[in-house]
Every structure is written in structure tokens, then in C-alpha cells.
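Structure record follows, encoded as C-alpha cells.
Residue indices begin at 1 and follow the sequence shown.
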Amino acid sequence: MQTLMYAAGLVPAAIPSPDWSGFDIPLPWGSLRIHAYALCILAGIIVGLWLTSIRWARRGAPEGSVWDIVIWAIPFGIIGGRLYHVVSSPDAYFGPGFDGTGDLSLIPQIQRGGLGIWGAVVLGVLGAWIGCRRSGVKLSAFLDAAAPGLLLAQAVGRWGNYFNQELFGGPTTLPWGLQIDADNANFPAGMPTDTLFHPTFLYESLWNIAGVLILLALDRKFHFRRGRLFWLYAVYYTLGRVWIEAMRIDEAEQISLLGITARLNVWTSIVVLLVALAAFILLGMKGRPEPDSPYLAGQEPAGDNEEDEGKPVRDADSVVSDSESRDNLPDNQSGSGHSSTPKEDVPASPAGTTSVPESPVAGSSGHKATGSAPEAGTSK
């Protein structure tokens with residue numbers, strides 16, 4: 001009993017605030033700051049690409065095409081994520097009520113945090129479409145392969161919010177409450193310095209990791225195609241994002257609909273959830289695609305053309321048999337009929353004449369066949 005009490009005393013009563021947020025690289029003209037937030041985003045991209053590349057290869061996609069696609073998708077996604085964040089939280093950049101008191105120079109400084117997932121997804125998909133077209137593969141096939149990896153990348157990237165001490169929830173007395181430095185710019189004004197907050201970054205990270213396992217299990221059982229796994233990812237993620245987003249207390253654009261005022265991200269998540277659910281159901285009503293290929297029509301590699309599927313293949317024995325049969329057929333190249341009787345058994349004919357055996361029909365009428373052999377002699 002005393003051992004259990006001692007062990008319980010070692011468990012922290014809260015999640016401590018980070019004492020590290022990055023490091024500096026000395027340069028001749030100063031230093032380069034590497035932020036922990038950026039490292040978390042980079043780590044998320046790496047693990048997401050790792051899982052996606054494995055699943056993409058199993059789909060029979062061309063080797064190396066995943067890199068040809070993500071080289072377009074990742075930059076587009078980062079730009080889209082930043083633009084969505086600026087739109088959804090405009091005060092820091094344009095000032096309250098767009099009064100011009102904001103700092104526009106902060107917009108490109110993504111190392112400070114602030115990437116909106118929906119902007120990242122929309123422009124990221126656009127970039128992926130460009131890469132898929134250039135690689136000759138289907139966008140829907142790639143999105144299905146990438147869906148679990150995308151959720152895994154989000155799970156890892158969310159830890160960047162911890163190091164930035166941002167995007168936390170309301171006050172809590174739970175043992176996993178999050179400490180925020182009182183002198184941090186994100187600490188809510190007017191609250192006691194020892195206040196603990198809901199670690200919404202942790203909630204979302206755990207939600208996403210569970211989602212990765214669920215998506216992989218469902219895909220193994222049902223083999224979703226036509227982008228259905230991607231839409232299922234959107235359904236799952238938004239389902240968690242609605243309640244997690246509602247817990248946050250950081251400043252954000254508020255939207256009133258049907259008499260309810262909520263954060264823009266909450267309404268966006270609800271809309272995306274409904275659209276994704278409808279798309280998942282409608283695509284499921286079409287049945288499975290045949291054939292199941294990641295390639296665009298007409299882009300299949302040699303030997304995998306759909307037109308060749310189902311055609312009978314002649315074996316070697318039948319080819320040899322056909323060849324021998326043709327050797328025994330009459331040769332028309334010179335217009336002369338040849339029977340299957342060996343040449344040495346055919347009596348010599350005077351020059352300029354060609355004699356053929358009398359057919360039973362000709363013999364019965366008392367006429368001899370002269371000149372070219374009859375057409376009937378060339379039929380099989």
C-alpha cells in the first residue's frame with residue numbers, strides 16, 4: 001500500500017508548461033531560430049508520408065509517384081493552412097474589427113503557430129490533384145491511401161501547440177490540467193497564475209491516433225475505394241473537432257447561425273461533417289469500381305491495359321499444332337493447287353501444264369479439271 005501511495009506521489013498533478021521551445025543555429029550574420037512548433041509539423045509530415053508511402057505501394061501505384069505528388073501537396077497545404085488561420089483569427093493581422101491596428105508582417109511567420117486544417121486540406125488536395133495528373137494516377141485512389149497518414153500527421157503536429165503554449169481549453173481541476181506560464185502572451189488575463197487548463201492539443205492528438213487505428217481496421221475489412229476512406233476520415237476528424245474546438249478559449253472569429261454563436265471552426269467542422277457523410281454514403285451506393293486500379297484511364301503500364309483483361313491466351317501446344325496444320329494446307333501463293341501428298345509421289349507434268357487429281361465430281365461428269373485448282377481446294 002505504501003508503495004502505491006509513493007508511486008501516486010510521483011505522478012504529476014498537472015502537465016507542466018514546456019521549458020524549451022526551440023534552439024538557435026549560429027550564423028556569420030546572426031542566428032537562425034528553429035522553433036519546436038516547426039519541428040513538430042516536420043515530424044508529422046515525415047510519419048504521415050511513411051504510412052502513406054506504404055499504403056500507396058500496396059495499391060500497385062508507380063514507384064516513386066508518392067514523392068511526385070506530395071511535392072505539390074505539402075507546399076499547397078501549408079499555404080492554405082496559413083490563409084485559413086489568418087481568415088479565422090484576423091485580429092492579430094488586421095486589428096479588431098479590421099481597424100488597421102494589426103501587424104501584416106506576422107502573416108508569413110508560420111513558426112509562431114497558426115495553421116488551419118481546413119485550408120490545409122483544401123489547397124493540399126488541389127496540389128495533390130496536380131501531382132496525380134502529372135503522374136497518371138487517380139486522385140481518389142491517392143486520397144484513400146493518404147487518409148490514415150494525414151490523420152497521423154495531425155496527431156504529431158498538434159504537439160507544436162504545446163510548445164507554443166497556445167490553443168488550450170478552459171480552466172480545469174483535472175489531474176491532467178495544463179500549466180501555462182503566467183508571463184506568456186497567451187495566458188488569459190485576470191486568471192490566477194496557478195490556473196490549469198484543458199490540454200486540447202492532447203485531446204485532439206489522442207483522438208487522431210485512435211482514428212488512425214480505426215481507419216486502418218475499417219479499410220482492411222471493407223477495402224474502401226473512390227475516395228470513401230478519405231471522406232470517412234473527414235467524418236471522424238470533424239466529429240472530434242466539434243467538441244474539442246468548443247472547449248478552446250483563445251480568440252477566434254465568432255459566427256452566429258440560427259441564434260447560436262460559436263467559433264468559425266465549429267461551424268466549419270459541422271458543415272464538413274455533413275458534406276463528408278453525404279459523400280461517403282452516395283459513393284457507397286455506386287458499388288465497387290471494376291477494375292480496381294490506381295491509374296488513370298489510358299495511363300496503365302504495358303501489360304496492365306484493361307482491354308487485355310479477359311482475353312483467352314493461346315498456349316504453346318496449340319500454336320505448334322496450328323503451325324503443323326498450316327503446313328498441310330494447299331499453298332496458293334503461285335495459284336497452283338498442291339495436295340497433302342508428298343511432292344515425290346506426284347507424277348511429272350509436261351512443261352506449261354498443271355495436272356491435278358480428278359475430283360469425284362469431275363469424274364462423274366466425264367470432264368477433266370485443267371488450269372488452276374478450284375476455289376474449294378483453299379477452304380479448311
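In terms of the ring pair (Phe, Tyr, Trp, His ring centres under 6.0 Å) criterion, F76 has no residue partners (sequence neighbours excluded). Not counting sequence neighbours, the partners of F197 by the ring pair (Phe, Tyr, Trp, His ring centres under 6.0 Å) test are F168, F187. When the side chain to side chain contact (heavy atoms under 4.5 Å, CB included) test is applied to I45, the partners found at least two apart in sequence or on another chain are I41, L49, I74. Residues passing the salt bridge (charged side-chain N to carboxylate O under 4.0 Å, His left out) test with R228: none are found, sequence neighbours excluded. Applying the salt bridge (charged side-chain N to carboxylate O under 4.0 Å, His left out) test to R134 and every residue at least two apart in sequence or in another chain returns nothing. Scored by the salt bridge (charged side-chain N to carboxylate O under 4.0 Å, His left out) test, D181 finds no partners at all (sequence neighbours excluded). Residues satisfying the salt bridge (charged side-chain N to carboxylate O under 4.0 Å, His left out) test with E204, not counting sequence neighbours, are R158. Residues satisfying the side chain to side chain contact (heavy atoms under 4.5 Å, CB included) criterion with P108, sequence neighbours excluded, are absent altogether.
Closest approach of T261 to S256, counting heavy atoms only: OG1-OG, 2.6 Å. Of all non-hydrogen atoms in V66 and S53, the two that sit nearest each other are CG1-CB, 4.2 Å. Shortest non-hydrogen contact noted between G44 and A153 is O-CB, 3.1 Å. Heavy-atom minimum distance, L178 versus P199: CB-CB, 4.1 Å. Smallest separation of non-hydrogen atoms from Q165 and S17: OE1-CB, 3.8 Å.
Under a cut-off of 6.0 angstrom, the local environment of CZ in R59 is crowded, with over 12 non-hydrogen atoms contributed by other residues, nucleotides or ligands. Annotation: E251, atom CD; neighbour count of heavy atoms from other residues, nucleotides and ligands within 6.0 Å does not exceed 12.
Judged by distance alone, with hydrogens and angles left aside, the side-chain atoms of W207 form a donor-acceptor pair with the main-chain N or O of Y236 at under 3.5 Å. With S205 contributing its side chain and A155 its backbone, the two residues share a donor-acceptor pair below 3.5 Å. For T52 (side chain) and L150 (main-chain N/O), no donor-acceptor pair under 3.5 Å exists by modelled atom type. The backbone N or O of I69 lies less than 3.5 Å from no partner atom in the side chain of W72, so there is not a single donor-acceptor pair. Judged by distance alone, the side chain of T238 and the main-chain N or O of V235 form a donor-acceptor pair under 3.5 Å. Between the side chain of S135 and the backbone N or O of V137 there is no donor-acceptor pair closer than 3.5 Å. Not one N or O on the side chain of R55 forms a donor-acceptor pair closer than 3.5 Å with the backbone of A146.
Screening F230, W231, F280, Y233 against F224 for a ring-ring contact (aromatic ring centres under 6.0 Å, His included) leaves a single residue, F280.
A 4.5 Å side-chain heavy-atom check between L229 and P148 finds at least one atom pair inside the cut-off. Taking 4.5 Å as the limit, every side-chain heavy atom of N161 sits out of range of all side-chain heavy atoms of T200. Annotation: side chain of L196 is in contact with side chain of Q179 (closest heavy-atom distance under 4.5 Å).
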If you look only at distance, which donor and acceptor atoms sit under 3.5 Å apart when one is on a side chain in residues 265-275 and the other is two or more places apart or in another chain?
unit_1 : atom_1 : unit_2 : atom_2 : d
N265   : OD1    : Y84    : OH     : 2.8
N265   : ND2    : E245   : OE2    : 3.2
W267   : NE1    : I255   : O      : 2.9
T268   : OG1    : Y84    : OH     : 3.1
T268   : OG1    : L264   : O      : 2.9
S269   : OG     : N265   : O      : 2.8

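Side-chain contact, S21 with R33: a donor N or O sits under 3.5 Å from an acceptor N or O.
Grouping Ile, Leu, Val, Met, Phe, Trp and Tyr by side-chain contacts under 4.5 Å, direct or through others, leaves L258 on its own. Counting side-chain heavy-atom gaps under 4.5 Å among Ile, Leu, Val, Met, Phe, Trp and Tyr, the cluster of V86 also holds Y93, F94, F98, L104, L106, I107.
A chain of hydrophobic side-chain contacts below 4.5 Å, direct or via other Ile, Leu, Val, Met, Phe, Trp or Tyr residues, connects V212 to Y203. Each of L151 and L42 belongs to its own hydrophobic cluster when Ile, Leu, Val, Met, Phe, Trp and Tyr are linked at side-chain heavy-atom distances under 4.5 angstrom. Under the 4.5 Å side-chain heavy-atom criterion for ILVMFWY residues, no single connected hydrophobic cluster contains both I46 and V156.
The ring-ring contact (aromatic ring centres under 6.0 Å, His included) analysis of residues 19-60, with sequence neighbours excluded, yields the pairs W20-F163, W56-F142.
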Trace of the salt bridge (charged side-chain N to carboxylate O under 4.0 Å, His left out) decision for D144 with K138: CA-CA 10 Å; D144 281 336; K138 299 175 184 175; over 6 Å; no
